[in-house]
Amino acid sequence: MTEDAFDVIVVGSCMTDLVSQAPRLPKEGETIHGHNFFTGFGGKGANQCIQAARLGAKTAMVAKVGKDFFGDNYIQNFKDNGVHTDFVGQTTDAATGVASIIVNNAGENAIVIVAGTNMLLSRKELQEARPAISCAKVLVCQLEISPQTSLQALRMAQENKVKTIFNPAPAIPDLDPEFYRASDVFCCNESEAELMTGSSVNTVEEACRAGQELLRRGCGTVIITLGAQGCVVLDAQDSSCKHVPATAVTAVDTTGAGDSFIGALAFYMAHYPTMQLEEAARRAGQVAGVSVQAMGTQTSFPHKKDLAAELF
Ligand code: RIB
């Protein structure tokens with residue numbers, strides 16, 4: 001490990017979030033009045049990277065944004081959060097990704113992304129980041145960029161004994177089986193687990209069954225997040241299913257809570273490599289629990305100074 005090694009490298013997406021708050025989510029073909037609109041920094045990859053950075057991880061992002069207003073702003077946002085930006089490229093071949101988000105009064109959301117430049121992140125940029133990837137502590141990937149690029153990044157990390165966290169979001173039913181084998185930690189939410197296993201995931205017991213199925217596909221560890229019910233953690237070594245409950249909070253906006261969880265998990269894995277994954281998941285759940293109590297995505301992600309000392 002060199003002196004300059006990163007704790008956490010994220011190969012993934014950047015989106016500008018266009019958020020409307022409305023009493024409820026509209027039905028198909030329906031127009032409804034909202035009561036507030038704001039823009040913010042989003043994209044699952046960047047969200048996860050920013051959360052890890054805010055907890056104190058030395059982070060780098062591998063991403064592609066547009067040579068446009070949103071892209072310029074995004075790079076500045078990374079710098080403001082202490083994220084290394086040498087591997088964030090800009091191109092005129094597409095526009096920076098955007099996410100149209102509607103948040104209802106219960107804090108639930110519906111999201112449509114137009115990935116734009118995110119889909120242009122390729123093997124070429126990965127090769128440029130290879131020296132940094134190969135000596136990082138943890139690499140994190142999702143599915144808002146080309147799946148091939150995500151898989152190449154996970155493999156590059158594993159070849160160099162870098163721990164991998166894969167978040168298959170947004171989920172696809174026909175995920176390349178290689179993703180399971182390339183994931184030291186395969187972390188998804190209940191709806192993603194449902195889509196990938198074809199079984200319903202509403203209870204802890206159902207999550208455990210889905211987790212066993214995902215383990216059989218070759219991941220080292222599976223975490224399925226269950227919102228207010230916490231998460232389950234399954235390890236290929238002992239194949240037990242551990243339920244990690246969440247602390248009850250009043251949610252005002254759950255957008256990005258899963259990203260806050262994964263960014264925090266990456267931080268704990270990098271900073272406390274001998275910590276049990278169950279304990280890392282418990283602490284990551286506490287961090288994500290803070291994030292749902294404020295509006296917006298990254299705007300709601302806590303910094304180390306905002307959190308209880310026992311989380312560190
Ligand atoms: O997970 C939340 C994120 O999903 C939002 O920030 C939005 O950009 C979409 O990528």
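Atoms within a ligand are numbered from 1 in the order they appear, just like the ligands themselves.
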Point to revise | Phe87: ring pair (Phe, Tyr, Trp, His ring centres under 6.0 Å) partners, not counting sequence neighbours | key: His84
Point to revise | Pair Asp7 + Lys58, salt bridge at N-O below 4.0 Å | key: no
What are the distances between nitrogen or oxygen atoms of ligand 1 and protein nitrogen or oxygen atoms, counting only those under 3.5 Å?
residue: ligand 1; atom: 1 (O); partner: Lys44; partner atom: NZ; Å: 2.9
residue: ligand 1; atom: 1 (O); partner: Asp259; partner atom: OD2; Å: 2.7
residue: ligand 1; atom: 4 (O); partner: Lys44; partner atom: NZ; Å: 3.1
residue: ligand 1; atom: 6 (O); partner: Asp17; partner atom: OD1; Å: 3.3
residue: ligand 1; atom: 6 (O); partner: Asp17; partner atom: OD2; Å: 2.7
residue: ligand 1; atom: 6 (O); partner: Gly43; partner atom: N; Å: 3.2
residue: ligand 1; atom: 6 (O); partner: Asn47; partner atom: ND2; Å: 3.1
residue: ligand 1; atom: 8 (O); partner: Asp17; partner atom: OD1; Å: 2.5
residue: ligand 1; atom: 8 (O); partner: Gly43; partner atom: N; Å: 2.9
residue: ligand 1; atom: 10 (O); partner: Glu144; partner atom: OE1; Å: 3.2
residue: ligand 1; atom: 10 (O); partner: Glu144; partner atom: OE2; Å: 2.6

Check your understanding: Do Lys124 and Glu128 meet the salt-bridge criterion of a basic N to acidic O distance under 4.0 Å?
Key -> yes
**Study point:** Ion pair Arg283/Glu279, N-O distance below 4.0 Å
**Key:** yes
Check your understanding: Judged by atom type as modelled, is there a donor-acceptor pair below 3.5 Å linking the side chain of Asp253 to the main-chain atoms of Gly296?
Key -> yes
Point to revise | Phe78 ring center within less than 6.0 Å of Tyr74 ring center | key: yes
